[in-house]
Asks: 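I am attaching a structure below and will ask some questions about it afterwards.
As a basis for the values below, the full set of heavy atoms in this structure was taken, side chains included, without hydrogen atoms, waters or symmetry mates. Below, chain A is the first sequence line, B the second, and so on; all start at residue 1.
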There are 2 protein chains.
Amino acid sequence: MKRKVTLKQIARELDVSISTVSKSLRNSPEISEDTKLKVQAFAKLYNYRPNNIALSLKNKKTKTIGIIIPEIVHHFFATVISGIEQVANENGYNVIVCLSNESFDKEVINMEMLATGSTDGFIMSLSKETQQKKDFHHIEEVINQGMPVVMFDRITNDVLCDKVIIDDQRAAYEAVDFLIAKQFKNVALVTTVDYVSVGKLRTDGYVNALRDHDLPVEDDMIVKIEDIENCASKIEKLLLEKKPDAIFAVNELFAVTSIKLATKMGIRVPEDLSVIGFTDGIISQFSSPSITTVSQNGIKMGGRAAQMLIDRLELEEENEQYTTELIETHLVERESTSTL
Amino acid sequence: MKRKVTLKQIARELDVSISTVSKSLRNSPEISEDTKLKVQAFAKLYNYRPNNIALSLKNKKTKTIGIIIPEIVHHFFATVISGIEQVANENGYNVIVCLSNESFDKEVINMEMLATGSTDGFIMSLSKETQQKKDFHHIEEVINQGMPVVMFDRITNDVLCDKVIIDDQRAAYEAVDFLIAKQFKNVALVTTVDYVSVGKLRTDGYVNALRDHDLPVEDDMIVKIEDIENCASKIEKLLLEKKPDAIFAVNELFAVTSIKLATKMGIRVPEDLSVIGFTDGIISQFSSPSITTVSQNGIKMGGRAAQMLIDRLELEEENEQYTTELIETHLVERESTSTL
DNA sequence: GAGGGTAACGCAAACGTTGTCGTGTTGAAA
DNA sequence: TTTCAACACGACAACGTTTGCGTTACCCTC
């Protein structure tokens, strides 16, 4: 087993100083050609690579981005990571991933952990608990320490930082508008509880779309789901009592669940009921019928977030101007909406 | 903006030496109670946290695990990461994720990148290209440098290290056996090309199951898919010409694609055709009909891999004894197999 | 031969931490 | 009064790098 070779070892072997070795490898004009060649050859032979940790300590830069997200077994978050990783990689950055599992405490612990030197900045999406508690001191803190933070998807306006989101309200509006244009009169909504920021915004979009078309907004047509495990009865009740001709669901899971329940109740999709979901993930593509959905490009979102963070990291002067970037969405039409 | 406080700053403020501060915070008996309390109070006030990078450099341990996988937008890999992250976190480790995108070169670059001080060890699953080229010098190299590697799922026997896999062959055997027990006589196989290790093993399991039941193994009943985009014609041909009464697919995507194509051709699932997939992911759960599948617990797999790596990292003496651990699988029966 | 210029290299500091060892002061025992 | 232990703390090295600056030795010029 041959351990990693260091400048010191090369210096000793070649009987020169450490500085000479370092300068030779960085091709400094201070060093004679002879020595440079000798050192470079030796370094190549022993496959010398500068130690990242030592560099990080010296430069006070880790070239590492911390990602903190609620969960990773989730198509959208996975695509965002993928987008981040790609841009990060192109810029010589690594990504270190921490999961909050929707827990406020874990989010705090993870941030503090990574903030003590491990990363140069953060890209994060808030956990449900954090959104509920509205406690963002851990985020304020790292920002105060000079570490840039970029928030995406589940954000808060209470923290000043760069953000990347989709225009949830507008996307929802357009989805509902699409349904109304198809002459559906009883469009129901299956959404999350209000403290989930994106759920709230999509709900708002739904309401606005109905209002703008002078359609009634009935509370009974809106199902707010807290826990996916126990949502069946609520949706069944909706289908049974309100007999909607279309459903807008604020995520894939709600959409596919609605379809499954409807099918079980003898309601055909899309003949008797049209359904639009949100997030163009695996489920929408592969379920039967495949689901018409609002596509939010996670790769692009992650990529933009990473680029914003890196831009800020590599800007030497502080820039107090924060921006919120909107990633465009579009409706992917599939089988779950009738074509009439 | 208050930057992170260091030992040096505390020392200066309190007019003591750096060593005294360090020792006070680590509660050394060398230091008087008075001084300790004073320092600790000050440190708490300024929220002192030891710098991870400096610690890593000093201890030659980063408390970080490198994960290299082909892709992350993939349910199984996401669950494995989730499992790794959990165990890592419990043991005070962070995970840094790199994606090879199935590319050999990227896999090599990522490994070399992380190997120069960034991580203590690796957990990885080989890229397709690497499996095809059978070039593992980058892995051998980091092992030679004393960094432990744990491989999972897509492994190779050409490298000596710890491994975590499922018994692909046995799992496939049992799935096919299950079909045969249901009196299906024409069980087809939709699999990958042979160089994908798990595909090959699952193919072997299929073949063995048929042989053991004295059923013929026909080449025409086996479809090997290289590229998911252009697989439709092959599967359609199989369905049309061979009219199988059951299909065993070596992954979710192949299973759901087969079902979709069959349905389009008027073949009802499960009435006319039973289908079993592999990997219990989102697709199997939510497609219609939901898919009977071999469940491989990614969380458990990742957890075991992480534990094996950490055990080896925290063992001071070298242990040349490598183990390959099998994670049990089980068949999840759903709607895509007829119950007769 | 004295002075100055220059090529080629080494020293040392710095990043933040830990731990070994050395050092000064105090008090008590001989 | 001397000696010695205990106590409380500081100096320093080390981890691996980079870099500004100091230090040689040599050669050229006048």
Asks: Do A/T62 and A/S118 make a side-chain contact, defined as non-hydrogen atoms from C-beta onward lying under 4.5 Å apart?
Replies: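 Contact flag for A/T62/A/S118 side chains = no.
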Asks: Specify the separation, in whole Å, of atom NZ of A/K4 and atom P of D/dC15.
Replies: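 From A/K4 NZ to D/dC15 P: 16 Å.
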Asks: Rounded to the Å, how far apart are B/D15 CG and D/dA8 C1'?
Replies: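 Distance, rounded to whole Å: 15 Å.
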Asks: Whole-Å distance between D/dG22 C1' and A/E30 CD?
Replies: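 Going from CD in A/E30 over to C1' in D/dG22 covers 11 Å.
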Asks: Around atom OH of A/Y46, are there more than 12 heavy atoms of other residues, nucleotides or ligands at under 6.0 Å?
Replies: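 Atom OH in A/Y46 is not packed in, count stays at 12 or less.
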Asks: Taking CG from B/D34 and P from D/dA8, how many angstroms apart are they, rounded to a whole number?
Replies: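 From B/D34 CG to D/dA8 P: 9 Å.
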Asks: With sequence neighbours left out, what residues match A/S28 under side chain to side chain donor-acceptor pair (under 3.5 Å)?
Replies: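 A/S28: no side chain to side chain donor-acceptor pair (under 3.5 Å) contacts found.
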Asks: Rounded off to whole Å, could you give me the NZ-to-P distance for the A/K36 and C/dC9 pair?
Replies: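 Going from NZ in A/K36 over to P in C/dC9 covers 10 Å.
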Asks: Are the charged groups of B/E85 and A/K106 less than 4.0 angstrom apart, N to O?
Replies: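 Here B/E85 pairs with A/K106 in a salt bridge, since their nearest N and O are under 4.0 Å apart.
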Asks: Restricting to nitrogen or oxygen on both sides, can you table the protein-nucleotides 16-19 of chain C pairs closer than 3.5 Å?
Replies:
residue : atom : partner : partner atom : Å
C/dG16  : OP1  : A/K60   : NZ           : 3.0
C/dT17  : OP1  : B/Y48   : OH           : 2.5
C/dT17  : OP1  : B/N51   : N            : 3.1
C/dT17  : OP2  : B/L7    : N            : 2.7
C/dT17  : O5'  : B/Y48   : OH           : 3.3
C/dT18  : OP1  : B/R26   : NE           : 3.1
C/dT18  : OP2  : B/S22   : OG           : 3.0
C/dT18  : O2   : B/K58   : NZ           : 3.3
C/dG19  : O6   : B/S19   : OG           : 3.4

Asks: Taking 4.0 angstrom as the limit, do B/R312 and B/D162 come out as a salt bridge?
Replies: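 Yes, charged N to carboxylate O under 4.0 Å.
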Asks: Are A/E107 and A/R154 ion-paired here, with the side-chain N under 4.0 Å from a carboxylate O?
Replies: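 Salt bridge flag = no for A/R154 with A/E107.
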Asks: Is the closest basic N to carboxylate O distance between A/K63 and A/E314 below 4.0 Å?
Replies: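 So A/K63 pairs with A/E314 through a salt bridge.
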Asks: Is it the case that B/E71 and A/S82 place a side-chain donor and acceptor less than 3.5 Å from each other?
Replies: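 No, because no side-chain N or O of B/E71 sits under 3.5 Å from a partner of the opposite role on A/S82.
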Asks: Once you round it to whole Å, what is the distance between P of D/dT19 and CG of A/L25?
Replies: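 So the CG-P distance, A/L25 to D/dT19, works out to 12 Å.
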Asks: Heavy atoms under 4.0 Å, any strand shown: does A/T35 hit a base, just sugar-phosphate, or nothing?
Replies: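 Sugar-phosphate: the residue A/T35, judged by heavy atoms under 4.0 Å, touches backbone atoms but no base.
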Asks: Residues from residues 37-45 of chain B sitting under 4.0 Å of DNA chain D, heavy atoms only?
Replies: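 Nothing qualifies; none.
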